[in-house]
Amino acid sequence: MAIKIYNTLTRRKEDLNPGAPPLVTFYVCGPTVYDYIHIGNARVFIIFDVVRRYLEYRGYDVKLVQNYTDIDDKMINRANEQGISVPELAERFIQAYLEDVSALRVRPADATPRATEHIDDIIELIERLLKNGFAYISDGDVYYDTAKYSDYGQLSHQKQDDLLMGARVEPGEKKRSPLDFVLWKQKKEGEPSWDSPWGEGRPGWHIECSAMSTHFMDDTLDIHAGGADLIFPHHENEIAQTWGADRRPLARYWMHAGYLNIEDQKMSKSLGNVRTVHELVKEYDPLDLRFLILSAHYRSPLNFSGELVVQAGSGRQRLQEMVANMLNALEDAGESAGGHEEKLENALSEARSRFTGAMDDDFNTADAFGVLFDLARSCNIYLKEGHPYNRPLLEEALGFYREMNEIFEIVDISTPRGLDDEINSMIAERDQARASKDFATADRIRDELQQRGIVLEDTPHGTRWKKK
RNA sequence: GGCGACAUAGCCAAGUGGUAAGGCAGAGGACUGCAAAUCCUCCAUCCCCGGUUCGAAUCCGGGUGUCGCCUCCA
């Protein structure tokens with residue numbers, strides 16, 4: 001069965017048919033590095049991190065490119081505000097970005113180009129556009145001529161006339177049409193600039209992604225992704241540029257992540273409710289943030305609040321506990337069958353197929369989470385009824401969660417570890433105290449260990465411990 | 001004005017024709033010296049109205065509500 005992807009271009013779910021399987025070329029629009037990323041940005045990066053991992057899980061060879069926008073108006077303004085250069089600003093927030101997404105367990109892309117490293121590619125692309133008649137020079141700026149591209153509006157499903165109705169006309173425009181957008185901006189005093197056939201200047205925002213994706217992939221991308229707010233005009237413009245310059249579609253499948261709201265309100269600077277990842281990871285477990293984001297479908301709007309993070313954390317804890325209990329059970333598991341394996345075996349094979357079915361259907365992570373929880377119950381029942389435990393079965397079930405975690409990364413699955421001698425003897429001491437009904441001593445030892453982050457659980461098969 | 005999305009229990013959230021996954025919170029029970037963890041049970045007829053159908057949360061029409069894009073905000 002093929003993976004189905006909802007394509008913004010066609011507004012339908014389509015079977016994934018990459019151009020050169022098993023290769024999947026995948027381009028995600030990255031951050032403008034003028035500030036810390038916020039939780040809405042993080043949603044995008046987490047979602048497509050999971051998409052990438054799932055494609056790999058399904059046997060595809062994914063080549064992921066994600067850019068940094070390190071030159072644009074926001075960069076220049078912010079650098080001026082802070083009295084530093086644009087490259088200094090970029091360097092600082094690229095580092096911050098890397099720290100933030102690393103905390104969120106987002107794996108780095110295979111290539112992470114910066115716009116300023118590809119000025120030559122950008123200039124060449126603009127030259128092709130001029131040569132093909134899709135661009136014009138106006139008073140030192142170069143603009144894309146949207147009137148020349150009849151399919152303009154295909155991604156956002158807007159007619160040019162309708163777009164024109166809503167367009168705002170700035171006084172003193174150098175554009176022929178309000179829909180035209182700048183490819184190359186003439187230098188202003190004090191701004192970073194590069195030489196070009198049209199004089200000193202800098203690239204417009206949209207052109208970099210067309211140029212870099214062409215540089216790295218060289219042909220129509222399999223998947224191009226970003227936040228929903230990039231559909232128009234950013235991605236629309238990228239399509240127009242690549243078509244005008246190279247007469248090919250930029251991408252086969254367009255994926256867009258839904259918005260994230262903060263306490264039912266749009267996140268915005270004027271409302272003062274922007275939550276940066278930098279701050280949030282200090283306050284919450286990054287895995288809880290990941291879990292919350294993946295608990296809704298990626299195209300749906302997602303509400304964010306501290307309360308919801310805590311709620312997500314409680315759910316995630318259930319999986320975390322189950323895994324810890326399974327690892328504990330491994331310590332005294334044997335090789336032979338104990339007679340209670342069948343139910344768990346059935347649950348496992350059902351989980352596998354349900355899981356793939358959910359994820360194949362446009363990456364339905366919420367549905368997939370349901371599978372993880374259902375199987376967790378089966379595992380817990382086995383832990384309750386299946387003693388003496390069967391090692392191969394425990395390993396198999398844990399193996400499933402390891403595979404899932406390779407995709408979602410929402411629990412810590414550490415390998416079984418030996419008991420620290422001191423902890424071991426304290427537990428033995430407590431067991432003795434309990435045996436002689438000296439509960440005061442037993443509780444004292446339990447409290448002591450708790451202080452050190454060790455939680456004890458008395459099970460019918462002996463005392464277990466785990467780290468809090 | 002144009003285009004579009006969404007509306008499922010206290011909260012989060014799947015489910016696109018056959019009589020509502022899962023999680024959180026809550027209630028009761030089991031286990032436990034107590035606890036922790038866990039298990040069992042309980043907790044919705046799917047915004048409203050009409051239609052199609054043997055049968056609809058799921059399709060169609062009409063409402064109502066919320067939100068988004070059309071302003072280089074992911």
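Order of the sequence lines sets the chain letters (A, B, ...), proteins ahead of strands, with each chain counted from 1.
- Contact between the side-chain N/O atoms of A:Arg377 and the OP1/OP2 oxygens of B:rG23 is found at a separation under 4.0 Å.
- Within 6.0 Å of the CD atom in A:Glu403, the count of heavy atoms belonging to other residues, nucleotides or ligands exceeds 12.
- Using a 4.0 Å heavy-atom criterion, one finds that A:Phe232 contacts the sugar-phosphate atoms exclusively.
- The closest side-chain donor-acceptor pair between A:Thr276 and A:His38, if any, does not fall under 3.5 angstrom.
- Contacts of A:Leu383 with the nucleic acid, taken as non-hydrogen atoms under 4.0 Å apart, are absent.
- Counting non-hydrogen atoms under 4.0 angstrom, A:Arg318 reaches the backbone sugars and phosphates but no base.
- Separation of the A:Phe291 and A:Phe369 ring centroids falls under the 6.0 Å cut-off.
- When both pairing distances are held under 3.5 Å, B:rG26 makes a Watson-Crick or G-U pair with B:rC42.
- Residue-level contact check: A:Asp73 touches the bases, meaning some heavy atom is under 4.0 Å from a base atom.
- A:Asp72 comes within 4.0 angstrom of no nucleic acid atom, judged by non-hydrogen atoms across all strands.
- Atom name C1', nucleotides B:rG55 and B:rG51: the rounded distance is 15 Å, in whole Å.
- For A:Arg299 and A:Tyr6, the positive end sits near the middle of the six-membered ring, less than 6.0 Å away and at most 45° from its axis.
- For B:rU71, there is no paired nucleotide, since no Watson-Crick or G-U wobble pair has both relevant distances below 3.5 Å.
- For the pair A:Leu302 and A:Ala440, nearest-nucleotide mapping onto RNA chain B gives the more 5' position to A:Leu302.
- Residue contacts shown for A:Thr459 are absent, as no nucleic acid heavy atom lies under 4.0 Å away.
- At least one side-chain nitrogen or oxygen of A:Ser300 sits closer than 4.0 Å to the OP1 or OP2 atom of B:rA14.
- Separation of the A:Tyr27 and A:Phe48 ring centroids does not fall under the 6.0 Å cut-off.
- Rounded to a whole angstrom, the distance from the C1' atom of B:rG18 to that of B:rU32 is 45 Å.
- Looking at heavy-atom distances under 4.0 Å, A:Asp443 makes contact with a base.
- Stacking between A:Phe373 and B:rG22 is absent: the aromatic ring centre is not both under 5.5 angstrom from the base six-membered ring centre and within 30 degrees in plane angle.
- Contacts of A:Arg11 with the nucleic acid, taken as non-hydrogen atoms under 4.0 Å apart, involve only primed sugar atoms and P, OP1 or OP2.
- Judged by Watson-Crick or G-U wobble contacts below 3.5 Å, the nucleotide B:rU66 has B:rA5 as its partner.
- Among the protein residues, A:Leu260 comes within range of the nucleic acid bases, having at least one heavy atom under 4.0 Å from a base atom.
- Look at B:rA57: it lacks any Watson-Crick or wobble partner with both distances under 3.5 angstrom.
- Of the inter-residue distances, the one linking A:Trp243 atom CH2 with A:Leu129 atom CG reads 13.0 Å to the nearest 0.5 angstrom.
- In this structure, A:Ala296 reaches the sugar-phosphate backbone alone: every heavy-atom distance under 4.0 Å involves primed, P, OP1 or OP2 atoms, never a base.
- Among the protein residues, A:His157 comes within range of the sugar-phosphate backbone only, with heavy atoms under 4.0 Å from sugar or phosphate atoms but none that close to a base.
- Here A:Lys185 lies in heavy-atom contact (under 4.0 Å) with a base.
- Within the 4.0 angstrom heavy-atom criterion, only backbone atoms of the sugar-phosphate kind lie near A:Asn325; the bases stay farther away.
- Distances shorter than 4.0 Å separate some side-chain N or O of A:Lys266 from OP1 or OP2 on B:rC69.
- Residue A:Glu342 places its CD atom among 12 or fewer non-hydrogen atoms of other residues, nucleotides or ligands, all under 6.0 Å distant.
- At the heavy-atom level, A:Lys74 lies under 4.0 Å from the strands shown only through sugar-phosphate atoms.
- The partner of B:rA21, taking Watson-Crick or G-U wobble pairs whose two distances both stay under 3.5 Å, does not exist in any strand shown.
- With distances taken from any side-chain atom of A:Asn364 to the nucleotides B:rG33, B:rA74, B:rA14, the minimum falls on B:rA14.
- With a 3.5 Å ceiling on both atom-pair distances, B:rC31 lacks any Watson-Crick or G-U wobble partner.
- For the C1' atom pair drawn from B:rU58 and B:rC6, the interatomic distance equals 15 Å after rounding to whole Å.
- The side chain of A:His38 sits closest to B:rC73 out of B:rU38, B:rC11, B:rC73.
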